[in-house]
Each structure stands twice: as structure tokens, then as C-alpha cells.
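Here is the structure we will look at.
Just so it is clear, the values below take in all heavy atoms, side chains as well, and ignore hydrogens, waters and symmetry mates. Throughout, a chain's letter reflects where its sequence line sits, starting with A, and its residues are numbered from 1.
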Protein chains: 2
Amino acid sequence: MEKFDICVHFLLAKALQRVNQVSKSKLASYGVTPVQFALLRRLWEKDGQFGYALAEQLLMDSATITGIIDRLEHNGFIERRMDPNDRRNKLVFLTEKGKSMEVSLCEKMDEMNKEVMSDFDVEEIQQFKKVLFKIGISNTNMGV
Amino acid sequence: MEKFDICVHFLLAKALQRVNQVSKSKLASYGVTPVQFALLRRLWEKDGQFGYALAEQLLMDSATITGIIDRLEHNGFIERRMDPNDRRNKLVFLTEKGKSMEVSLCEKMDEMNKEVMSDFDVEEIQQFKKVLFKIGISNTNMGV
DNA sequence: CACGAATTACTTGTATACAAATCATCTTGA
DNA sequence: TCAAGATGATTTGTATACAAGTAATTCGTG
């Protein structure tokens with residue numbers, strides 16, 4: 001069993017790949033991708049946010065955010081509005097369609113979570129998340 | 001500290017992002033990306049492999065492999081040769097340049113591993129890898 | 001007040017990632 | 001043997017991801 005000698009990089013990539021695949025299939029019928037869901041969730045928590053604020057929360061490049069907002073807007077989930085106080089900024093708001101999907105989409109992602117993490121008990125998951133957090137977030141110059 | 005209530009999907013994505021960034025910066029001066037390194041490593045183990053075999057080992061789509069091989073070939077690390085026995089196949093071989101880089105690149109990736117995983121002891125890493133493995137690989141129809 | 005610095009969103013270019021379709025080739029079964 | 005299906009690599013189209021650069025706007029300092 002030298003299975004766990006596999007490089008962490010590879011294992012991380014494949015674990016994410018799997019989670020992405022399950023998420024994608026759960027969300028597909030709604031026309032939303034996993035990353036788009038992550039952005040929507042921020043808006044369900046607090047509607048009307050600046051692009052740079054969303055980028056910060058999602059630890060993403062502003063170029064990436066632009067593309068994701070483009071597609072969500074094109075599909076009618078959100079809309080951009082100019083900030084009247086600072087015309088450099090654009091505020092992102094949910095549309096009615098975007099608001100109405102919160103419950104269904106969150107349910108689907110709960111299903112995903114159960115499906116992917118069902119092999120582990122609470123303690124294992126906590127420890128696992130702690131390591132992920134240290135690797136990916138707390139060691140960075142980025143926000144928490 | 002409700003930090004670890006963060007969705008596993010997000011934590012995984014950010015941990016991989018971090019590992020990718022460190023790997024990329026270590027490899028950048030050699031003109032190789034992290035994914036390209038993973039493919040090269042398979043060839044250092046066994047030179048002259050079929051595209052589909054590499055795709056299998058790396059758990060990647062054949063379309064993705066084509067692009068990676070394209071770029072590695074374009075940069076002179078590998079070359080494609082027709083399989084004389086079955087002209088559908090193409091064999092991928094290291095060039096001298098590709099062979100000569102094994103030691104330097106592996107050293108760099110060892111550095112990356114130390115940098116990213118230095119906060120954890122052997123036991124923690126083993127347990128962490130076990131969870132990653134179960135999520136990403138053993139639960140799949142894909143090979144081990 | 002004016003001009004340079006900073007900020008935000010966006011654009012461009014490159015690299016994964018994968019689904020779906022295509023092309024060439026091989027294999028198999030009638 | 002020959003048509004039907006399988007197989008492997010590639011192409012095309014879409015979606016992240018990020019570096020680097022740009023345009024518009026605002027801020028800060030003299």
C-alpha cells in the first residue's frame with residue numbers, strides 16, 4: 001500500500017476534481033457551475049456587493065471574477081449596476097431569478113457534501129479541514 | 001473560530017491553488033508548469049508511453065493530455081512518434097533536454113513539498129493523504 | 001486646483017479541464 | 001471479406017484561473 005506516497009499535489013487535484021464533478025452534476029440542470037454557485041452564495045448572504053469585494057471573499061483574481069459575473073449576468077441570475085458614488089465601481093445584485101434559487105441550489109450542494117464526505121466522521125472531517133485551511137489560507141497574505 | 005465551517009469544496013480549491021502557486025514559482029525558470037511536470041515524471045519512470053496510458057495514470061481527459069503534450073513538444077522536452085504497430089497510437093518519448101531535467105525539477109518539487117507541508121508531522125500528513133485519496137481516487141471508477 | 005498615484009473593472013494571452021464531435025485506424029462478426 | 005463498431009488522438013466550444021496591461025475614475029499632495 002504505497003498509495004499514500006502519492007504526491008500531495010496530485011491527491012489534492014484529484015480530490016478537487018471529484019468534488020467538482022459531483023457538484024457539477026448536481027447543479028447542471030439549473031444552469032449554474034460550482035464556482036458560480038460560490039459567488040451566488042455570497043450574494044445570498046449580502047446582496048449588492050462590489051466586484052472587488054467578491055474577489056476578495058472568493059480569493060480570486062479580478063479577471064476571473066469578471067468572467068464569472070459575465071456568465072451569471074448573461075443567464076439572468078444577477079445584474080450589474082453602477083455605483084453612483086464612485087463610477088469606477090460596479091455593484092452586483094441578484095435578480096428575482098437569482099434570489100429564488102437559493103433553497104434548491106443549497107439543497108443540492110448539501111447532497112453533494114453528504115455524498116463526498118459520508119465515509120468520514122466529524123472528527124476526521126474537522127482535522128482534514130484544519131490541514132486544508134492551514135495549507136491554503138492561513139499561510140497566505142490573503143484574508144481569512 | 002467558525003473557520004472550519006467553510007465548505008470543503010472551497011477549502012480544497014484554495015489548498016490546491018496555494019500548492020499550484022508555490023509549484024509554479026519553483027518551476028517557472030525551467031519553462032515547465034506543474035501539470036507538465038506531472039506528465040514528465042511519468043516519462044522519467046517509463047519512457048515511450050501512449051497518450052491514453054498517460055491520460056489514465058494522470059486521471060485526465062485525452063483532450064487535456066493532447067494540449068499538455070503539444071506544449072511540452074513545442075518546448076522541446078518530448079517528442080511524438082507513430083506506433084508502427086497501430087497507427088492510431090502515438091508514443092511519447094523524452095528528448096535529451098527532457099531527460100536532463102529530471103534531477104533539477106524533482107529537487108524543486110521537493111522544496112515545494114517541504115514548504116507547503118512543513119507545519120505537519122508524519123502522522124498528520126498520512127491521515128490527510130488518506131482522506132484525499134478516499135475522496136478523489138478510491139471512490140471512482142478510475143484506476144488506482 | 002492640478003497632476004501623479006492609486007484603484008476598479010476590464011481586456012488579452014496562456015494554460016488547464018472536460019464534453020462532444022470528428023478523423024483515421026483497427027477489430028470483429030456475419 | 002466487408003460493414004459495423006470500437007479505439008486513440010485531435011478539434012471545437014465553454015469555463016475557470018491568473019499575469020500583465022489598459023481605460024476610467026478618484027484621491028492625495030503640493
Q. B:F128 and A:F128: aromatic ring centres closer than 6.0 Å?
A.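 When the ring centroids of B:F128 and A:F128 are compared, they turn out to be within the sub-6.0 Å range.
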
Q | Along DNA chain D (nearest heavy atom to each residue), the more 5'-positioned of B:N89 and B:A13 | A |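 Result of the comparison: B:N89.
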
Q | Position toward the 5' end of DNA chain D (nearest nucleotide), A:D86 or A:G67 | A |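 Result of the comparison: A:G67.
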
If you take all heavy atoms of [X] and [Y], which pair is closest and at what distance?
X     : Y      : answer
A:A15 : B:L132 : CB-CD2, 3.7 Å
A:I69 : A:L39  : CG1-CD1, 4.1 Å
A:G48 : A:L91  : O-CD2, 3.5 Å

**Q.** Rounded interatomic separation in angstrom, taking CZ from A:R88 and P from C:dA5
**A.**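 Spelled out: CZ on A:R88 to P on C:dA5 is 16 Å.
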
Q | Separation of atom CG in A:L54 from atom C1' in C:dC10, rounded to whole Å | A |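 In whole Å, C:dC10 C1' and A:L54 CG are 16 Å from each other.
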
Could you tell me whether [X] and [Y] make a salt bridge, using a distance below 4.0 angstrom between a side-chain N and a carboxylate O?
X      : Y      : value
B:K26  : B:D110 : no
A:R41  : A:E102 : no
A:K130 : B:D119 : no
B:E111 : B:K114 : no

Q. Just checking, any donor-acceptor pair under 3.5 angstrom between side chains of A:N113 and B:H9?
A.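 Looking only at side-chain atoms, B:H9 and A:N113 do not form any donor-acceptor pair under 3.5 Å.
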
Q. Which two nucleotides bound the region of DNA chain D that has atoms under 4.0 Å from heavy atoms of chain A, read 5' to 3'?
A.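 Using the under 4.0 Å cut-off, the span is D:dA15 to D:dT26.
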
Q: May I ask you to list the residues of residues 76-85 of chain B, by number, that have any heavy atom positioned under 4.0 Å from an atom of DNA chain C?
A: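 DNA chain C contact set from residues 76-85 of chain B: none.
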
Q) Contact class for B:I69 (heavy atom, under 4.0 Å): base, sugar-phosphate, or nothing? A)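 It contacts nothing in the nucleic acid.
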
Q. Which part of the nucleic acid, if any, lies within contact of B:I65, taking any heavy atom under 4.0 Å across all strands shown: a base, the sugar-phosphate backbone alone, or nothing?
A.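 No contact.
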
Q. Would a 4.5 Å heavy-atom cut-off, applied to side chains only, mark B:R81 and B:K90 as touching?
A.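 Side-chain contact under 4.5 Å: no.
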
Between N or O atoms, less than 3.5 Å apart, protein on one side and nucleotides 18-23 of chain C on the other: list the pairs.
{"residue": "C:dC18", "atom": "OP1", "partner": "A:Q17", "partner atom": "NE2", "Å": "2.6"}

Q: Report yes or no: does B:D83 contribute a side-chain atom to a donor-acceptor pair with the main-chain N or O of B:N85 at less than 3.5 Å?
A: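 Present.
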
